[in-house]
Amino acid sequence: MTANVAVETTPEIPLWNDPSHPVSARVDALIGAMTLQEKIAQLYGVWVGASANGGEVAPHQHDMEEAVDLDALLPSGLGQLTRPFGTAPVDPALGALSLLRTQTRITSANRFGIPAVAHEECLAGFAAWGATAYPVPLSWGATFDPDVIRRMAATIGRDMRAVGVHQGLAPVLDVVRDARWGRVEETIGEDPYLVGTIGTAYVQGLESAGIVATLKHFVGYSASRAGRNLAPSSVGPRERADVLLPPFEMAIREGGARSVMHAYTDIDGVPAAADETLLTGLLRDTWGFDGTVVADYFGIAFLKTLHGVAGDFADAAGAALEAGVDIELPTVKTFGAPLAEAVAEGRVPEALIDRALRRVLAQKAELGLLDPDWSPVPPAFDGADLDDPEALRGKIDLDGPENRELAREIAEKAVVLLSNDGTLPLGRPRRIALVGPNATEPSAVLGCYSFPQHVGVKYPDIPVGIELPDLRASLTAEFPDAEITVVRGTGVDDGDLSGITEAVDTARDADIVVVALGDRAGLFGRGTSGEGCDAESLALPGAQQQLLDALLDSGTPVVTVLLAGRPYALGRAVEDSAAIVQSFFPGVAGTRAIAGVLSGRTNPSGRLPVSVPRTPGSQPTTYLGAPLAQASEVSNIDPTPAFGFGHGLTYTTFTWSDLTVDAEEAPTDGEFTASLTVRNTGERTGTEVVQLYLHDPVASVVQPVRRLVGYTRLDLEPGEERRVRVTVPADVASFTGRDGHRIVEPGDLELRLATSSTDTRLTATVTLTGPVRVVDHTRRFHAEFSVE
């Protein structure tokens, strides 16, 4: 006879909560257990704002939407929380506590205990109060340094993950086609290869921290007519394939991005949000993307209200789902009651909901949100007492020394010295006249998606939350023995001429004039740069050109400094300024970086990610022009830039020599290898950026005169020389042929090794042999550099 032994048992874990099973099996089981309303609830977000005292988030009532009733929604579940930190200024620790409590409420309210994905903007840093404001993406491009951008993104991602955020709405991979577009500051530049490599590095960094990177805006948004925000895009299939799509291809294949945001735009009458050939045929079936597609804010409703391709919100929801959109953001509009009713009426198949839901739940499973041990407590609260909210205030630092040091490094690498007659570096000037609207404006370093400019301007009584030294403060620290006299001269865009006389008088009494011009970032007309802040021309805003011209007539050398979101034509200053220093909203360390370049403490190494125009009315144009886009005798408009893409000076000199090519012929599936010697012939350490451009003199379709296919930064000590080797696969010469397929054609090519698109130093002519070869998105993207 055996004794009875008590056996301890545990309740069975539902399959969808069991991480020992494959994600696909878990997701299938969960979908099978859900009602229609529970399924739909996972496909939309709700816009919220964190509580200032650490309580649950409250729904944010946006001026484009009605308020939502969380009590009514949450029993069915919730897919996403929109911007819990980026809606109002909240102490980061109390914001994290607020998000924690809201997630607890969400999981308790739905019968499967599924939390929401919390997403935030992170275009120039985590868009939260008190978080480091890094340089904007146009400055990322100016670094020509993917490694430092990868480190920045990883740091941003760690800060976001630490407080409970899962997804970041960045990077912007739109290629600049018209610099009048207000969102140029959010882009990386006007070249698809530069945008692709820098953007992919950002994705890699963000994803390495566990944050879902979201590529935007897919695709064509930046090609709007006349540079107007949310305007129709006139883009042919070849321009789309060869200019606009490659950065997305690269970021998905090499970056591992897990989300894509559709663009607002329509191309040839088809809005991106309803474009099945784009969002399913190309993105998923061809490229193999298996992540989520999220709506740009209100973009699905726009199918009805703006585009007129849907009769009601149910039609809009069905069209978006069929195209391949999975999640409605920022809040529920079309994917709520209208979608449920459409399914009940047979207008939208439930299978489309299941398809989107499978992607959404798979991503939640990958994030650990379906695991039985998931906790709403974020890493930043490890060991903290969560019962005393006030004791938590100030305990989370999103702008620590490491962040600021990284912001400094990027800002310094991004400053571009456009011209210099030898006046810079300044040395020890006795009297400096500091003039201009951006001389004493701390926010002049911030883009429109920085928290202070995006949200903080609505709360003028709340401190900005981060240290933002203005240019006066940074110059005072850089030149402690100088007498610095500050005169505004004029505003950014007020057209005020009354202060110009005083500015000129001050300039005449000084040894040097530093004039700080440029932009004010804002949204929808509240600034001169930013979303909805498009420009009629590329003339400096307001009366800034008049101020600049008057200072140039003062007789005192003028150093022109730009803190801007786009390139501007500078008129006679191109020739008459003693020096021109260009920065693109360089972030918290921006004015110190500029001061360091002026003094010579920093040897500038930035290169232009966009061309600087010579005249304000020559848009739209970029350096990627075909022969007909160049200056000619049959047009009185000369689009030749004042400073071309890739241009940038340093305080040292370099010689390039001894170009060799291992073999001058290669098959259309082969490669070339070229080598050159670069020597620092100056007296100080400096950085040269070796750029490789491809020129295809004869092709079956019209090609740009030149296009970037590779680059590398090279740091050299005085007198030091290095042998630079570059392997150029035939794939980088590919383009979209007449039949719509990407091909590599036989024929001659020129490999142009250059310091910019307008300054070729060495050229090798090589020949591709053999048959025309068809390639696809798995082609080799890069000319690979090595340094010996």
Side-chain angles (χ1 to χ4, degrees), residues 48-50 57 80-100 117-137 139-140 148-172 186 201-214 216 259 330 367 378-381 394-408 410-411 443 445-456 462-468 521 585-590:
V48 297
V57 296
Q80 294 223 358
L81 285 167
T82 294
R83 301 185 67 181
F85 289 86
T87 300
V90 175
D91 176 88
L94 297 182
L97 181 61
S98 179
L99 177 57
L100 179 163
V117 167
H119 76 256
E120 285 291 352
E121 299 285 359
C122 54
L123 192 65
F126 180 12
W129 186 85
T132 305
Y134 292 92
V136 298
S139 274
W140 309 352
V148 75
I149 303 307
R150 187 180 296 108
R151 287 190 283 122
M152 177 194 72
T155 301
I156 293 169
R158 285 193 295 271
D159 284 345
M160 296 170 73
R161 203 74 183 92
V163 294
V165 175
H166 308 99
Q167 182 168 0
L169 302 188
V172 169
E186 300 178 44
Y202 183 92
V203 169
Q204 291 167 340
L206 205 64
E207 291 279 356
S208 74
I211 294 292
V212 175
T214 308
K216 57 188 191 181
S259 192
L367 290 167
F381 282 157
K395 297 298 184 183
I396 294 178
D397 185 1
L398 300 178
D399 188 37
E402 291 185 4
N403 288 22
R404 296 189 72 91
E405 174 60 22
L406 185 54
R408 178 204 59 78
I410 297 168
S443 65
V445 297
L446 301 177
C448 81
Y449 267 78
S450 67
F451 186 89
Q453 296 301 95
H454 202 77
V455 179
I462 295 179
V464 70
I466 51 177
E467 180 190 357
L468 292 172
F585 292 142
V588 292

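Index from 1, following the sequence.
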> Going through the checks in order, is the side chain to side chain contact (heavy atoms under 4.5 Å, CB included) test met by V90 and S98?
Replying inline: CA-CA 10 Å; V90 175; S98 179; over 6 Å; no
| task | Go through the side-chain N and O atoms of E402 and T155 and say whether any donor and acceptor fall under 3.5 Å apart. | result |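 Per modelled atom types, E402 and T155 side chains form no pair under 3.5 Å.
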Electrostatic pair K216:E121 at N-O distance under 4.0 angstrom: yes
Can you tell me how far apart [atom1] ([X]) and [atom2] ([Y]) are? Round to the nearest 0.5 Å.
| X | Y | atom1 | atom2 | answer |
| --- | --- | --- | --- | --- |
| T82 | Q167 | OG1 | CD | 9.5 Å |
| I149 | L406 | CD1 | CG | 8.0 Å |
| E207 | R150 | CD | CZ | 13.0 Å |
| L367 | H166 | CG | NE2 | 6.0 Å |

Could you tell me if the side chain of [Y] sits less than 4.5 Å from the side chain of [X], heavy atoms only?
| X | Y | answer |
| --- | --- | --- |
| R83 | P330 | no |
| F451 | I466 | no |
| H119 | T214 | no |
| P84 | E120 | yes |
| E186 | C448 | yes |
| Y202 | I156 | yes |
| L468 | V588 | yes |
| Y449 | V136 | no |

Could you pull out the closest heavy-atom pair between [X] and [Y], with the gap in Å?
| X | Y | value |
| --- | --- | --- |
| A213 | V203 | CB-CG1, 4.0 Å |
| L99 | G164 | CD2-O, 3.4 Å |
| V455 | P89 | CG1-CD, 4.4 Å |
| A154 | A209 | O-CB, 3.8 Å |
| G590 | P586 | CA-CG, 3.4 Å |
| L206 | C122 | CD2-SG, 4.1 Å |

Sequence neighbours excluded, the answer for ring-ring contact (aromatic ring centres under 6.0 Å, His included) partners of F85 is F126
Point to revise | CA sep, side-chain torsions, deciding dist, call: L398, W129, side chain to side chain contact (heavy atoms under 4.5 Å, CB included) | key: CA-CA 9 Å; L398 300 178; W129 186 85; over 6 Å; no
Checking D397, D399, D159 against T132 for side-chain hydrogen bond (donor to acceptor under 3.5 Å, both in side chains), the one that qualifies is D399
Keeping Q453 on the side-chain end and L446 on the backbone end, is there a donor-acceptor pair under 3.5 Å? no
